[in-house]
*Asks:* 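One structure follows; several queries about it will come next.
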2 protein chains.
Amino acid sequence: MAKRRKMQPILRKRPEQDRSRATVEVILDAAARILVRGGYEAFTTNRVAEKADVSIGSLYQYFPNKESLLGELMRRHTIAIESGIEAVAPQAQDPPFADVVRAAIEHIVRAHLVDPELHRVLSETPPLGKLDWEATFAERLAARVKAAFEARRSEIVVRDLDLAVYVVTRAVEAVVHNAATERLSDLKSGVLTDEVTRMLVGYLTGKATPVKRAVRAAVG
Amino acid sequence: MAKRRKMQPILRKRPEQDRSRATVEVILDAAARILVRGGYEAFTTNRVAEKADVSIGSLYQYFPNKESLLGELMRRHTIAIESGIEAVAPQAQDPPFADVVRAAIEHIVRAHLVDPELHRVLSETPPLGKLDWEATFAERLAARVKAAFEARRSEIVVRDLDLAVYVVTRAVEAVVHNAATERLSDLKSGVLTDEVTRMLVGYLTGKATPVKRAVRAAVG
DNA sequence: ATATGATATGAGCAATAGCTCACTTTATGG
DNA sequence: CCATAAAGTGAGCTATTGCTCATATCATAT
């Protein structure tokens, strides 16, 4: 008598043959393209199936519901970001504070350069909006930033560290996020990273940073 | 033979009696409450009418379509913000640069303290998201900020003024916007304004600002 | 060949959306 | 009064949504 309700696995059926794996891929591609072009409004399962040139039945053989499609899209996007992030070299010991700050910013920039359009849509999409990875990513980042600040406490003039971490992370995330759609070239060239780095270092240490170019100019 | 298509006035019919004016008000109230509670997902015309305790027919007598409901809501919100902003005193001549910066920030803070929840939902709502006033508001603000920067060019160490304006406006807007839902008390108390002011002044002038409390502690 | 499971199809269902319109009720003014 | 206009009603139309399921096709192994 137990009513079956929202208790399905993430993927209804594991695709085992090459043919079906391809089908899943085509579906996800179509989903991403529709999301990017028309936003969540245009994102309907029927349209996705049509654009993927696959019957609606096939879609529902692998995805138990609309939300799971979004979920898988997000999962993959997260993975793409995380793997791209691993390229960040571990810090040499006792580097200039400015370099630490810059490294963190490049962290975020890199994340936003992985399929920026899809990134934007996913992060603003109603049912999942700012969910999962954005939360945990932000948390991990905040922890990391705070640790870095504490390690350099003597160089930092700001009183309230927690507040500083909050202000800094939101500010950077937002500037980068916006720049990903409004000033993509500045993002890619590193000009924006320079600027934001100077802002943070100035704010935190109370000293102006000499305007010097980054060691490596481009990030993506 | 001309097909009638999306060409209706903003308000289908002007309410002329007190009774109908009240009806319009009740509808808008319900709309706002539904938006705040359930987001755009829950925002359906039938539900709005139901919550307003008004027949769906009455709703459509004053609002030609769903979008116009959102539009009117936004229009009123804009007006509320703008009138609240006028309270900002005109600057004394040649005030300290920090004061100018602080005034601009308080500008934005004030805007976000007018019904913060509704503000958030409206700014993230799909069909209008970041439309109209957010665009023009940002433009006017950017122009104002740039003018202020130019007037103080000698005190500013940043090279690229346009880039600086971009970084500054996005950063402040985002920090304040996020704080409106995550750190409302810090926003109201002025602590956050202090912090952001210090960040900007440090960034722009290259000098650390002495940590002094604002003249008036609270904004809203 | 043939049996078996994996894969694919698409007509169509139940639910809900935005919205209309024929109609009733309430207010106003001569 | 009563005529006219304003205001209010809600059953229900049309379109679309997410999603199912009976059926058909393809792949593989014996």
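Order of the sequence lines sets the chain letters (A, B, ...), proteins ahead of strands, with each chain counted from 1.
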*Asks:* Enumerate the side chain to side chain donor-acceptor pair (under 3.5 Å) contacts for residues 37-49 of chain B, please, sequence neighbours excluded, ordered by first and then second residue.
*Replies:* T45(B)-Y60(B)

*Asks:* Look at the side chain of Y60(B) and decide which nucleotide, out of dT17(D), dC19(C), dT9(D), has an atom nearest to it.
*Replies:* dC19(C)

*Asks:* Taking only residues two or more places apart in sequence or in another chain, which ones pass side chain to side chain contact (heavy atoms under 4.5 Å, CB included) with A52(B)?
*Replies:* V26(B), I27(B), A30(B), V54(B)

*Asks:* Mind checking side chain to side chain contact (heavy atoms under 4.5 Å, CB included) for E182(A) and listing every partner two or more places apart, or none if nothing turns up?
*Replies:* N178(A), Y166(B), R170(B)

*Asks:* Could you tell me which residues satisfy ring-ring contact (aromatic ring centres under 6.0 Å, His included) with H77(B), sequence neighbours excluded, listed by chain and number?
*Replies:* H119(B)

*Asks:* Which residues, if any, of residues 31-38 of chain B bring a heavy atom under 4.0 Å of DNA chain C?
*Replies:* none

*Asks:* Should R102(A) and D194(A) count as an ion pair when the cut-off is N to O under 4.0 Å?
*Replies:* yes

*Asks:* In this structure, how many angstroms lie between the C1' atom of dC13(C) and the CD1 atom of I56(A), rounded?
*Replies:* 14 Å

*Asks:* Round to a whole Å and report the spacing from NZ of K66(A) to P of dT20(D).
*Replies:* 15 Å

*Asks:* When the distance from CZ of F63(B) to P of dA17(C) is rounded to whole Å, what number comes out?
*Replies:* 19 Å

*Asks:* Please state how far atom CG in N65(A) lies from atom C1' in dC19(D), giving the value in whole angstrom units.
*Replies:* 10 Å

*Asks:* If you look only at pairs with a residue in residues 113-123 of chain A, which of them pass as a salt bridge (Lys or Arg N to Asp or Glu O under 4.0 Å), with sequence neighbours excluded?
*Replies:* R120(A)-E124(A)

*Asks:* Can you sort out the partners of K146(A) under side chain to side chain donor-acceptor pair (under 3.5 Å), two or more places apart, ordered by chain and number?
*Replies:* D162(A)

*Asks:* Who passes side chain to side chain contact (heavy atoms under 4.5 Å, CB included) against D18(B), sequence neighbours left out?
*Replies:* R21(B)

*Asks:* Check each residue of residues 40-47 of chain A for a non-hydrogen atom within less than 4.0 Å of any atom in DNA chain D, then write out the ones that pass by number, or none.
*Replies:* F43(A), T44(A), T45(A), N46(A), R47(A)

*Asks:* So, R140(B) and E82(B), do they make that salt bridge, N to O below 4.0 Å?
*Replies:* yes

*Asks:* Give every pair of a protein N or O atom and an N or O atom of nucleotides 4-8 of chain C that lie under 3.5 Å apart, one pair per line with the distance.
*Replies:*
from	atom 1	to	atom 2	distance (Å)
dT7(C)	OP1	E16(A)	N	3.0
dT7(C)	OP1	Q17(A)	N	2.6
dT7(C)	OP1	S20(A)	OG	2.6
dA8(C)	OP1	T23(A)	OG1	2.7
dA8(C)	OP2	T23(A)	OG1	3.3
dA8(C)	OP2	Y62(A)	OH	3.2
dA8(C)	N7	Q61(A)	OE1	3.1
dA8(C)	N7	Q61(A)	NE2	3.3

*Asks:* Holding to side chain to side chain donor-acceptor pair (under 3.5 Å), I want the full list of residues that pass it with E25(B), two or more places apart in sequence or in another chain.
*Replies:* R76(B)

*Asks:* Send over the distance from L70(B) CG to dG18(C) C1', rounded to a whole Å.
*Replies:* 14 Å

*Asks:* Just jot down the side chain to side chain contact (heavy atoms under 4.5 Å, CB included) partners of A148(A), sequence neighbours excluded, or say none.
*Replies:* V100(A)

